[in-house]
Amino acid sequence: MDNCNTVRDAAIPPFKCALNSIPQADTERLAIAASSTLRLFYRSSEAGDWESKTAAQARQNIMSLDWLSTTTIAIGERNGTISTYDTRSGRLEKRLTHPYPIVKLKRADDESRIICAGMQDTLFLYDLRASKTEKKFSRDEPGHYNDRFFNSQYPGPQNYKKRKTMKNTTAGDWSQPVLSFPYTNADDGYLDIAVEPELGLIAAAQDFHSRVALKVYNMWTGKTLLEIPKNNPGEATIRCLKFMQDVNGVPELWSTWDGEIVKISST
């Protein structure tokens, strides 16, 4: 892997095959976030050699990426920028701005919807079709960035000036999320999330300060469905989460857990 430097994330495109049709004979592809570079690896057959190219260069380090479709990749940068890369045109386009450094990006239930986990306890669902920013703060507006949000970021009368500055300047560039989820991650850049799009489920590891190890949410309502407590307060945080199907096609949630690989159960 030439010039990959620090690899933060990697993903393969979704497999698409319509009913009653022959599966696509596509080139195998792999997208890698290597420092601030998006690199694509590809080969035309299982027996062929892998080739690679630099697809795009971001302004800051790419912290996470995921394929939204077979031709579109979403990348999330350290500064909160979310962009999409079109493999056909080679164009990288800024689409959204998350308020804090991005930890993980995942395709939601549609190629236009993205789950974004970030620092400062931010776990949002974004829609690329409704990516307007809050150019002016209004406490009467029903959006996400209201007085309650700013008070939680900078509580107390001593932080009045910081809240005012955030409302009038910084927050003007933030994209409005469709939903937010109760999530604990102050500054851990390695916590994982997983998405089960057909059932509308999101699983998210919580940070060292939380009393729970992970939470499972309803993607469509924002409600917490399940909390898995830690075995002990000093337990290591979860670095890997993945929904998989059993032999009957039933989704299961698997995770790294205190040095082991385990299947998560609600019982």
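When reading the values below, keep in mind they use all heavy atoms of this one structure, side chains included, and skip hydrogens, waters and symmetry mates. These figures come from a predicted structure and were not determined experimentally.
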Q: Evaluate the criterion side chain to side chain contact (heavy atoms under 4.5 Å, CB included) for residue pair Tyr190 and Thr237; output intermediate values, then yes/no.
A: CA-CA 9 Å; Tyr190 296 95; Thr237 52; over 6 Å; no

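- Checking Thr122 against His98 by side-chain atom types alone, a donor-acceptor pair falls below 3.5 Å.
- Between the side chains of Gln60 and Ser36, not a single donor N or O lies within less than 3.5 Å of an accepting N or O.
- Using a distance-only test at 3.5 Å, with no hydrogens or angles considered, no donor-acceptor pair links the side chain of Ser35 to the main chain of Thr37.
- Transitive grouping of hydrophobic side chains (ILVMFWY, heavy atoms separated by less than 4.5 Å) keeps Ile115 and Leu128 in distinct clusters.
- Interatomic distance, CG of Asp121 versus OG of Ser210, reported as 9.5 Å (0.5 Å rounding).
- For the atom pair OG of Ser175 and CZ of Phe124, the computed distance is 10.5 Å after rounding to the nearest 0.5 Å.
- Looking only at atom types and distance, the side chain of Asp9 has a donor-acceptor partner in the side chain of Ser64 under 3.5 Å away.
- A continuous path of ILVMFWY side-chain contacts below 4.5 Å connects Leu225 to Ile238, so both sit in one hydrophobic cluster.
- Around CD of Glu260, the count of heavy atoms belonging to other residues, nucleotides or ligands within 6.0 Å does not exceed 12.
- Nearest heavy-atom pair across Ala204 and Ile193 is CB-CG2, 3.8 Å.
- With a 4.5 Å cut-off on side-chain heavy atoms, Trp67 and Glu111 do not count as touching.
- Cluster membership for Leu191 and Met63, using ILVMFWY side-chain heavy atoms within less than 4.5 angstrom, is not shared.
- Annotation: the span from Asp207 atom CG to Asp187 atom CG amounts to 7.5 Å, rounded to 0.5 Å.
- Taking the side chain as every heavy atom from C-beta outward, Val216 and Thr224 never approach each other to under 4.5 Å.
- No donor-acceptor distance shorter than 3.5 angstrom exists from the side chain of Asp127 to the backbone of Arg113, with no hydrogens or angles considered.
- In this structure, Asp188 pairs ionically with Arg239, as a charged nitrogen and a carboxylate oxygen lie closer than 4.0 Å.
- Remark: side-chain polar atoms of Thr87 are paired, donor with acceptor, to backbone N or O of Thr71 under 3.5 angstrom.
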Q: Evaluate the side chain to side chain contact (heavy atoms under 4.5 Å, CB included) criterion for residues Asn218 and Leu201: first the C-alpha distance (whole Å), next the side-chain angles of each, then the deciding distance (0.1 Å), finally the verdict.
A: CA-CA 5 Å; Asn218 185 313; Leu201 299 177; 5.7 Å; no

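- Counting non-hydrogen atoms of neighbouring residues, nucleotides and ligands closer than 6.0 angstrom, the CD1 atom of Ile12 reaches no more than 12 such neighbours.
- Residues Phe181 and Leu125 form a side-chain contact, since some pair of their non-hydrogen atoms from C-beta on lies under 4.5 Å apart.
- A distance of 10.5 Å separates CG of Asp109 from CD of Glu198, quoted to the nearest 0.5 Å.
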Q: Dump the intermediate steps for side chain to side chain contact (heavy atoms under 4.5 Å, CB included) on Lys215 and Leu226, then the final yes or no.
A: CA-CA 6 Å; Lys215 295 181 181 181; Leu226 180 67; over 6 Å; no

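- Here the side chains of Trp257 and Ile228 are in contact, with some heavy-atom distance below 4.5 Å.
- Atoms CD and CZ, on Glu93 and Arg95 in that order, are 5.0 Å from each other to the nearest 0.5 Å.
- Rounded to the nearest 0.5 angstrom, Thr97 OG1 and Asn79 CG are separated by 8.0 Å.
- What you find for Ser69 and Pro14 is that their closest heavy atoms are O-CD, 3.7 Å.
- Side-chain atoms of Arg8 and Thr6 include no donor-acceptor pair closer than 3.5 Å.
- Cluster annotation: Tyr126 and Leu179 are assigned to distinct hydrophobic clusters (Ile/Leu/Val/Met/Phe/Trp/Tyr, side-chain heavy-atom contacts under 4.5 Å, transitive).
- For the pair Leu214/Ile264, a side-chain contact is recorded, criterion being any heavy-atom separation below 4.5 Å from C-beta on.
- No donor-acceptor pair under 3.5 Å is formed between the side chain of Asp86 and the backbone N or O of Thr72.
- Under 3.5 Å, the side chains of Arg39 and Thr54 contain a donor-acceptor pair of N or O atoms.
- Closest heavy-atom contact between Ile82 and Ile114: CG2-CD1, 4.2 Å.
- At least one side-chain heavy atom of Ile32 sits less than 4.5 Å from a side-chain heavy atom of Phe41.
- Geometrically, Lys230 engages Phe208 in a cation-pi contact, judged by NZ or CZ lying under 6.0 Å from the ring centre and within 45° of the ring axis.
- Remark: the backbone N or O of Pro182 is paired with a side-chain donor or acceptor of Tyr217 at under 3.5 angstrom.
- With hydrogens and angles ignored, the 3.5 Å screen pairs no side-chain donor or acceptor of Asn248 with any backbone N or O of Val250.
- Panel note: side chain Glu77, backbone Gly80; no donor-acceptor pair is recorded below 3.5 Å.
- Inter-residue side-chain proximity for Met219 and Val195 is flagged as met; some heavy-atom pair is nearer than 4.5 Å.
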Q: Please step through side chain to side chain contact (heavy atoms under 4.5 Å, CB included) for the pair Val103 and Met119, ending with a clear verdict.
A: CA-CA 7 Å; Val103 176; Met119 295 183 186; 4.0 Å; yes

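- Within the 3.5 Å criterion, the main-chain N or O of Gln206 finds no donor-acceptor partner in the side chain of Asn185.
- Of the N and O atoms on the side chains of Glu252 and Trp254, at least one donor lies less than 3.5 Å from an acceptor on the other residue.
- Shortest non-hydrogen contact noted between Asp66 and Ala11 is OD1-CB, 3.9 Å.
- Taken together through direct or relayed side-chain contacts under 4.5 Å among Ile, Leu, Val, Met, Phe, Trp and Tyr, Leu92 and Leu105 form parts of separate hydrophobic clusters.
- Annotation: side chain of Ile73 is not in contact with side chain of Thr84 (no heavy-atom distance under 4.5 Å).
- Side-chain atoms of Ser112 and Arg129 include a donor-acceptor pair closer than 3.5 Å.
- Summarising the geometry of Tyr183 relative to Ala117, their closest heavy-atom pair is OH-CB, 3.8 Å, with the distance given to 0.1 Å.
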